[in-house]
Structures are given as C-alpha cells and as structure tokens.
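Worksheet: the structure to be examined is printed underneath.
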Amino acid sequence: DAKEIVLDTYTKLMWQDNLEAKTVEKNWQGAIDYCSNLTLAGFDDWRLPDEDTFSSLYSKKDDLTNLSSVGYWSSSPNVSDADRAWLVTLFYGYGSLGL
C-alpha cells in the first residue's frame with residue numbers, strides 16, 4: 001500500500017511510513033532482523049540502512065507521517081566498539097551512538 005511507504009525519487013529508496021515505523025521498538029540486532037524479515041508494499045528485500053543513507057532521509061522528513069522522535073537504529077556499527085551502533089534522530093538530523 002503506497003500510504004505505508006515514502007518514495008525518495010532522488011535516491012530511488014523506499015522508506016517504511018506506517019504506524020509500525022513509529023511504534024515498533026527493537027534493540028540493534030532486533031532492528032536488523034525486523035527489516036530483513038519485513039514484507040511491505042509488495043517488497044521483501046527491505047534492509048536497515050547505514051548511518052549515511054539514513055541521514056539522507058532528513059531532507060524528506062516532512063513527507064513522513066509516522067516519524068519517531070526517539071530515533072532509529074542504523075546498520076552502521078561503531079568502529080571502536082562493534083557492540084554499539086549509530087542511532088539516527090530524524091527530528092534533528094544527526095546520529096549518536098546507541099547500545
């Protein structure tokens with residue numbers, strides 16, 4: 001359903017934009033698993049984006065109706081600590097380290 005996604009015509013990426021995008025809470029590995037198991041809008045090849053790809057969504061944030069203020073895990077691990085990953089907050093357009 002097109003109402004569940006936002007298409008970025010510049011990057012040609014689709015972003016989940018349904019209630020689950022705002023309410024589902026997972027740890028880092030859970031977020032990776034959630035995306036790889038997601039079937040949405042007729043596609044089953046979803047993935048958790050890396051920090052840079054996620055940050056590119058900041059310019060499209062006004063197109064999203066189900067945006068979490070908490071932030072989203074990226075697939076980018078911390079270089080010095082592989083048990084930590086980058087969390088992207090779209091409200092402010094920056095990333096931070098999360099556990």
Side-chain angles (χ1 to χ4, degrees):
D1 183 299
K3 295 177 186 171
E4 295 184 320
I5 62 163
V6 167
L7 176 62
D8 183 337
T9 55
Y10 179 74
T11 63
K12 306 292 189 234
L13 294 174
M14 281 189 285
W15 297 91
Q16 180 182 6
D17 188 31
N18 58 10
L19 189 58
E20 285 186 3
K22 185 175 186 176
T23 60
V24 169
E25 294 183 15
K26 303 283 184 185
N27 63 21
W28 182 37
Q29 186 60 54
I32 292 169
D33 295 342
Y34 174 85
C35 291
S36 66
N37 293 318
L38 182 65
T39 298
L40 182 66
F43 294 91
D44 63 2
D45 60 347
W46 293 87
R47 63 180 170 80
L48 189 64
D50 62 34
E51 180 190 12
D52 292 335
T53 303
F54 232 141
S55 295
S56 74
L57 182 59
Y58 181 73
S59 65
K60 302 285 292 177
K61 71 181 175 95
D62 293 336
D63 295 338
L64 299 168
T65 57
N66 292 289
L67 189 60
S68 171
S69 61
V70 176
Y72 297 93
W73 288 113
S74 76
S75 63
S76 302
N78 178 338
V79 175
S80 60
D81 184 353
D83 291 330
R84 296 180 69 179
W86 286 99
L87 187 70
V88 176
T89 305
L90 295 175
F91 271 93
Y92 308 108
Y94 62 83
S96 62
L97 281 177
L99 295 174

Item checked: Check against side chain to side chain contact (heavy atoms under 4.5 Å, CB included), Asp50 and Ser74 -> CA-CA 5 Å; Asp50 62 34; Ser74 76; 5.6 Å; no
Item checked: Pair Leu57-Tyr72, side chain to side chain contact (heavy atoms under 4.5 Å, CB included): steps then yes or no -> CA-CA 12 Å; Leu57 182 59; Tyr72 297 93; over 6 Å; no
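When all heavy atoms of Gln16 and Leu38 are compared, the closest pair comes out as OE1-CD2, 3.7 Å. Contact detail for Gly30 and Asn27: the closest heavy-atom pair is N-OD1, 2.6 Å. Pairing each heavy atom of Thr39 with each of Asp44, the nearest pair is OG1-CB, 3.8 Å. Heavy atoms only, all atoms of each residue included: Arg47 and Cys35 are closest at C-CB, 3.6 Å. Nearest approach of Trp28 to Pro77, heavy atoms of both residues: CH2-CB, 3.7 Å. Here the closest heavy-atom approach between residue Leu40 and residue Trp46 is recorded as O-NE1, 3.3 Å.
Taken from CG in Asn66 to NZ in Lys22, the straight-line distance is 6.0 Å, to the nearest 0.5 Å.
The number of heavy-atom neighbours closer than 6.0 Å to CD of Gln29, taken from other residues, nucleotides and ligands shown, is above 12.
Under the side-chain contact (heavy atoms from CB on, under 4.5 Å) test applied with Lys60, the options Asp62, Asp63, Leu64 reduce to a single match, Asp63.
One hydrophobic cluster, built from ILVMFWY side chains closer than 4.5 Å, holds both Val24 and Phe43.
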